[in-house]
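These numbers come from a predicted model, not from an experiment.
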Amino acid sequence: MSLPMIEALARAMMARDGLTHQHAQRVQRFAVTLASEAGIRSYSMLEAIDVAALLHDIGKLGIPDRVLHKPGPLTQEEYDQVKQHVIIGADILSAFAFPGPLALIVRHHHENWDGTGYPDGLQGEAIPIGARVLSIVDCYDALTSDRPYRRALSHGCALAMIHERRGTMYDPTVTDAFMRIVQRLRTAPVRDGAGRAQTRVDSLWLEARAV
């Protein structure tokens, strides 16, 4: 894949919305780890997931600021506008002729395992595996981040919500892989700069949020 083109698109996203770009960087740090844990071994697929994680919200360049940064709940009309970002993003990436499944991963990362997602209502294994991986990491970071209309949830609350959505929103196999990673990290305690005990997952997530 063209590294200069990827970097140019990432810079465009950062110039438009720094918070979205920071979110994308955090998602990128964990997406390939989850993909590997879920059994994906193809280098080209792992590379596509890595780039898709960084650029999954590139389509928000086409969403008006008044909607994207609204300090409160969206109306249905506004939400429908936001949902267009996956189509816009896939169209942008397709226009640059990136090889492999990159554009499809971006297009379908808001599909749900039970077929209730968007934009195409795909269900189960009809959803590209890269999109199934990305959707969980994207959700976890979104839930644990402050938004204009709500405060960040705790890691525990976010994990409980993801587990609750196993088999409805999220691929059960990928969800289980995510929980295994979290469990392994939680059993490796570390200490912060003040000597306070942290779980490894908290430490890594805080480190990612500093990017």
Original post:
Is the shortest distance from a Lys or Arg side-chain nitrogen in Glu37 or Arg184 to a carboxylate oxygen in the other one below 4.0 Å?
Top reply: yes
**OP:** Salt-bridge test for Arg107 and Asp120: reply yes if a basic N is under 4.0 Å from a carboxylate O, no otherwise.
**Re:** yes
Original post:
Going only through I, L, V, M, F, W and Y residues with side-chain contacts under 4.5 Å, is there a path from Ile88 to Val67?
Top reply: yes
Original post:
With no hydrogens and no angle check, is any side-chain donor or acceptor of Lys70 less than 3.5 Å from a backbone partner on Pro73?
Top reply: yes
Subject >> Main-chain N/O of Arg66 paired with His69 side-chain donor or acceptor, under 3.5 Å >> reply: no
**OP:** State, to 0.1 Å, how close Arg165 and Cys139 come at their nearest heavy-atom pair, and which atoms those are.
**Re:** NH1-SG, 3.4 Å
Subject >> Shortest non-hydrogen contact between Ala52 and Val106, atoms and distance >> reply: CB-CG2, 4.1 Å
Subject >> Single-linkage hydrophobic cluster, 4.5 Å side-chain cutoff, Met169 and Val137 together >> reply: yes
**OP:** Find the distance between CG (Asp91) and CZ (Phe96) and round it off to the nearest 0.5 Å.
**Re:** 12.0 Å
Original post:
Salt bridge or not for Arg166 and Asp176, using N-O below 4.0 Å?
Top reply: yes
Original post:
Among His85, Gln84, Glu111, which residue meets the side chain to side chain contact (heavy atoms under 4.5 Å, CB included) test with Pro119?
Top reply: Glu111
Original post:
Does Glu125 CD have over 12 foreign heavy atoms under 6.0 Å away?
Top reply: no
Original post:
Do Leu55 and Leu61 share a hydrophobic cluster (ILVMFWY, side-chain heavy atoms under 4.5 Å, transitive)?
Top reply: yes
Original post:
Hey, which of Thr173, Asp171, Thr175 is the one that makes side chain to side chain donor-acceptor pair (under 3.5 Å) with Arg132?
Top reply: Asp171
**OP:** May I ask you to test the Leu153-Met161 pair for a side-chain heavy-atom distance under 4.5 Å?
**Re:** yes
Original post:
Which distance, rounded to the nearest 0.5 Å, do you find between the CD of Gln183 and the CG of Leu159?
Top reply: 10.0 Å
Original post:
Applying the 4.5 Å side-chain criterion to the ILVMFWY set and letting contacts propagate, would Phe30 and Ile40 be lumped into a single cluster?
Top reply: yes
**OP:** Determine whether His108 and Leu104 make a side-chain contact, defined as any pair of heavy atoms from C-beta on separated by less than 4.5 Å.
**Re:** yes
**OP:** Establish whether Ile127 and Tyr170 are linked, either directly or via other cluster members, by ILVMFWY side-chain heavy-atom contacts under 4.5 Å.
**Re:** no
Subject >> Min side-chain heavy-atom separation Asn112-Thr168 under 4.5 Å >> reply: no
Subject >> Heavy-atom donor-acceptor pair, His56 side chain to Ala53 backbone, under 3.5 Å >> reply: yes
**OP:** State the CD-CD distance between Gln76 and Glu78, to the nearest 0.5 angstrom.
**Re:** 10.0 Å
Original post:
So, do Leu46 and Ser36 sit near enough that their side-chain heavy atoms are less than 4.5 Å apart?
Top reply: yes
Original post:
Is any side-chain heavy atom of Leu134 closer than 4.5 Å to a side-chain heavy atom of Ile49?
Top reply: no
Subject >> CE on Met179 to CG on Leu34, rounded to 0.5 Å >> reply: 10.5 Å
Original post:
So His110 and Tyr118, would you call those rings parallel, tilted or perpendicular, with 30° and 60° as cut-offs?
Top reply: parallel
**OP:** Give the minimum heavy-atom separation between Ala158 and Thr144, together with the two atoms involved.
**Re:** CB-CG2, 3.7 Å
Original post:
At what distance, to the nearest 0.5 angstrom, does CG of Asp50 lie from CD1 of Ile105?
Top reply: 10.0 Å
Original post:
Side chains of Arg26 and Arg29: closer than 4.5 Å at any heavy-atom pair?
Top reply: no
Original post:
Would you call Ile162 and Ile136 a side-chain contact if the rule is heavy atoms closer than 4.5 Å?
Top reply: yes
Subject >> Pair Phe178 and Tyr140, ring centroids less than 6.0 Å apart >> reply: yes
Subject >> Heavy-atom closest contact (Val174 atom, Val133 atom, distance) >> reply: CG1-CA, 3.9 Å
Original post:
Which atom names give the shortest non-hydrogen contact between Leu93 and Ala103, and what distance separates them?
Top reply: CB-CB, 4.2 Å
Original post:
Do Trp113 and Ser135 touch side chain to side chain, with heavy atoms closer than 4.5 Å?
Top reply: no
